[in-house]
Amino acid sequence: MRKYILNDESLNSNYFHFTDRKNLESIQSKGLIPNIGSHAKNIEKTRKIFFVEGLDNLLILFDCWINALY
């Protein structure tokens, strides 16, 4: 797994994926595997991997995720 340093320009042209730290080892060895996550079990019918494009969408998703926890 590669780590990248993002700058202002690249923040809006990259894709981001959120996951729990406990999944990183599996992702490193197997890659991202489509699944129905715990937050989408009653919403999704097919397995998939979700990404967001750019910083604005990342912040919107993060805000929704934080609000869902509380």
Side-chain angles (χ1 to χ4, degrees):
M1 188 175 313
R2 295 183 208 161
K3 294 185 180 182
Y4 296 92
I5 297 173
L6 299 172
N7 58 37
D8 289 342
E9 184 179 310
S10 65
L11 280 174
N12 291 317
S13 61
N14 279 284
Y15 291 84
F16 300 91
H17 172 77
F18 275 95
T19 191
D20 196 310
R21 284 184 186 263
K22 68 181 180 183
N23 297 333
L24 293 179
E25 187 176 321
S26 173
I27 292 170
Q28 190 168 10
S29 64
K30 301 175 189 173
L32 285 171
I33 299 171
N35 205 349
I36 298 175
S38 60
H39 297 292
K41 284 190 180 195
N42 297 319
I43 300 169
E44 293 295 332
K45 294 181 181 176
T46 58
R47 297 171 184 231
K48 53 186 70 110
I49 299 169
F50 284 97
F51 292 93
V52 293
E53 182 179 10
L55 179 61
D56 289 342
N57 294 324
L58 173 72
L59 294 174
I60 290 168
L61 177 65
F62 188 71
D63 183 54
C64 293
W65 182 70
I66 291 294
N67 288 325
L69 293 176
Y70 299 101

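In this text, all values refer to a predicted model and were calculated from it rather than measured experimentally. We count residues from 1, following the sequence as given.
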All pairs passing side chain to side chain donor-acceptor pair (under 3.5 Å) where residues 48-62 contributes a residue, at least two apart: Glu44-Lys48, Thr46-Lys48
Suppose we screen for side-chain hydrogen bond (donor to acceptor under 3.5 Å, both in side chains). Which residues come up paired with Asn42, at least two apart in sequence or across chains? none
Set of side-chain contact (heavy atoms from CB on, under 4.5 Å) partners for [X], sequence neighbours left out:
X: Lys30; value: Ser26, Ile33
X: Asn12; value: Leu55
X: Asn35; value: Arg47

Atom pair CD1 (Ile27) and OG1 (Thr19), whose distance is rounded to the nearest 0.5 Å: 4.5 Å
For Phe51, give me all partners under ring-ring contact (aromatic ring centres under 6.0 Å, His included), at least two apart in sequence or on another chain. His17
Would you name the heavy atoms of Leu11 and Phe16 that are closest together and state the gap between them?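 Minimum heavy-atom separation between Leu11 and Phe16: O-CE1, 3.7 Å.
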Could you tell me which non-hydrogen atom of Ala40 sits nearest to which non-hydrogen atom of Ile36, and how far apart they are?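 Minimum heavy-atom separation between Ala40 and Ile36: O-CG2, 3.7 Å.
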Which pairs pass salt bridge (Lys or Arg N to Asp or Glu O under 4.0 Å) with one or both residues in residues 4-21, sequence neighbours excluded?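 Matches after skipping sequence neighbours: none remain.
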